[in-house]
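Just below is one structure, and these are the notes that go with it.
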2 protein chains.
Amino acid sequence: MDLIRTQGRRITRQRRLVLETLRDSQEHLDAYALFERVKVRDSKISLATVYRSLALLKESGLVQENRLGEDHGHFEATQATPHYHFTCLGCGCVIEFEAPQVMEVVATLCSGQALQVTGVNLHLSGYCADCHAPGQDGGCG
Amino acid sequence: MDLIRTQGRRITRQRRLVLETLRDSQEHLDAYALFERVKVRDSKISLATVYRSLALLKESGLVQENRLGEDHGHFEATQATPHYHFTCLGCGCVIEFEAPQVMEVVATLCSGQALQVTGVNLHLSGYCADCHAPGQDGGCG
DNA sequence: AGTTTTATTGCGAATAATACTCATTATCAA
DNA sequence: TTGATAATGAGTATTATTCGCAATAAAACT
Ligand SMILES: [Mn+2]
Ligand SMILES: [Mn+2]
Ligand SMILES: [Zn+2]
Ligand SMILES: [Zn+2]
């Protein structure tokens, strides 16, 4: 968190609160849901500040934004190991998974096409085990 | 295109035009850019119809929507082989690439966690060969 | 501890992408 | 050709996110 204090940026109660709240909840909250949770501890905080804090925390790498197929972002505190997401179109649950193959793809592109990759986003959607009818035709064998 | 005519849906001049325009341009157009191109051939078409047509064509699998890190979608006619996207944060160019490893990941999740995957979206961002300074620290070795 | 500097906040208003309403038009089955 | 109704165009509404600005507070300085 202290690495924010570069370039004259300040550590504020609001920014600390946004990060803590995100870390405490092991979920993938959207900006408004996070706002509601943060408001419990700071009833005066504004939604704009939540957005601004998230943008800053993202810049510093402490927070990740995930696009999970909806028209708004979902946020989570950065984990130790990179992971990706599956969302169920039935119940809306989010399942995290690791996939080292993705980094192999990235490595191939780096050497093959001289691309410098700074962001990786893999999002799968479909139906979780609870939601898909066993007879239904799905996306895998 | 004819498979649209199921469930009482109709093939209209506008829908045909949206699909054709998308097929002709081998680009990743957003809804508004597509609207402008379509308007050349049908000056009366409305933006709402472009959105509605895209939604329908997506449903029928003829069109893919890609989220490329911006706050709006980009569309392309469905290709023979699935592919993924890299966007350059410098110049904005979009580079397509194939990556069979992604489907291995999907297969693993299908058998391992009984997930039914219907949508796959992999998006990389960073700097293309023209844009990254050779000395800069990037995301690969 | 008090003062100064200026980054940050809260609030409301502004934007931008996309969806909706509804009267009119056009597709298509009969 | 006609009738039933799906789709369109135009405008409006909605939603996520950003912006402008006066008031506030974090950090640097005394
Ligand atoms: Mn996660
Ligand atoms: Mn493409
Ligand atoms: Zn589910
Ligand atoms: Zn570039």
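Source: prediction; values computed, not measured. Naming convention: chains lettered A, B, ... in sequence-line order (proteins, then strands); numbering from 1 in each chain.
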Would you give me the side-chain donor-acceptor pairs under 3.5 Å for residues 61-69 of chain B, sequence neighbours excluded?
from, atom 1, to, atom 2, distance (Å)
Gln64(B), OE1, Thr78(B), OG1, 3.0
Glu65(B), OE1, Lys58(B), NZ, 2.4
Glu65(B), OE2, Arg67(B), NH2, 3.1
Asn66(B), ND2, Glu76(B), OE2, 2.9

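With sequence neighbours excluded, the residues satisfying side-chain contact (heavy atoms from CB on, under 4.5 Å) with Asp42(B) are Arg13(B), Gln14(B), Leu17(B), Lys44(B), Ile45(B). Considering only residues two or more places apart in sequence or on other chains, Ala31(A) meets the side-chain contact (heavy atoms from CB on, under 4.5 Å) condition with Tyr51(A), Leu54(A), Phe75(A). Every residue meeting the ring pair (Phe, Tyr, Trp, His ring centres under 6.0 Å) condition with His74(A), not counting sequence neighbours, appears here in chain and number order: His72(A). With sequence neighbours excluded, the residues satisfying salt bridge (Lys or Arg N to Asp or Glu O under 4.0 Å) with Glu27(A) are Arg37(A).
Sorted by residue number, the list of members of residues 21-43 of chain B with any non-hydrogen atom under 4.0 Å from DNA chain C is empty. Contacts between residues 8-17 of chain A and DNA chain C, defined by a heavy-atom separation under 4.0 Å, are made by Gly8(A), Arg9(A), Arg10(A), Thr12(A), Gln14(A), Arg15(A).
Between Glu96(A) and His83(A), the side chains place a donor N or O and an acceptor N or O closer than 3.5 Å (distance only, hydrogens not considered).
Between the CD atom of Gln7(B) and the C1' atom of dC28(C) there is a distance of 16 Å, rounded to whole Å. We find that CD1 of Ile45(A) is positioned 8 Å from P of dT9(C), with the value rounded to whole Å. For the pair Lys44(B) NZ and dT24(C) C1', the computed distance is 14 Å after rounding to whole Å.
Axis orientation changes by 50° from one end of the helix from dA1(C)-dT30(D) to dA30(C)-dT1(D) to the other, with each end axis drawn from 5 pairs and the value rounded to 10°.
Here chain A contacts DNA chain D (any atom closer than 4.0 Å to a heavy atom, that is under 4.0 Å), and the contacts span dA16(D) to dA27(D) from 5' to 3'.
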(request) Evaluate side-chain contact (heavy atoms from CB on, under 4.5 Å) for Ser60(A) paired with Leu56(A), printing each intermediate quantity in order. (result) CA-CA 6 Å; Ser60(A) 65; Leu56(A) 184 78; 5.6 Å; no
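For the residue pair Met103(B) and Tyr84(B), the shortest heavy atom distance occurs at CE-OH, 4.1 Å.
Using modelled atom types, one side-chain atom of Thr108(B) and one backbone atom of Glu104(B) make a donor-acceptor pair closer than 3.5 Å. Remark: the backbone N or O of Thr49(A) is not paired with any side-chain donor or acceptor of Arg15(A) at under 3.5 angstrom.
Applying the ring-ring contact (aromatic ring centres under 6.0 Å, His included) rule to pairs touching residues 3-33 of chain B yields His28(B)-His85(B), Tyr32(B)-Phe35(B), sequence neighbours excluded.
Applying the under-4.5 Å side-chain rule to Ile, Leu, Val, Met, Phe, Trp and Tyr, the cluster around Val40(B) consists of that residue alone. With side-chain heavy atoms closer than 4.5 Å counting as contact, directly or through intermediates, the hydrophobic cluster containing Leu89(A) also holds Tyr127(A).
Toward the 5' end of DNA chain D, the nearer of the two residues Asp71(A) and Arg52(A), judged by each one's closest nucleotide, is Asp71(A). Between Ala48(B) and Leu56(A), the one whose closest nucleotide on DNA chain C sits nearer the 5' end is Leu56(A).
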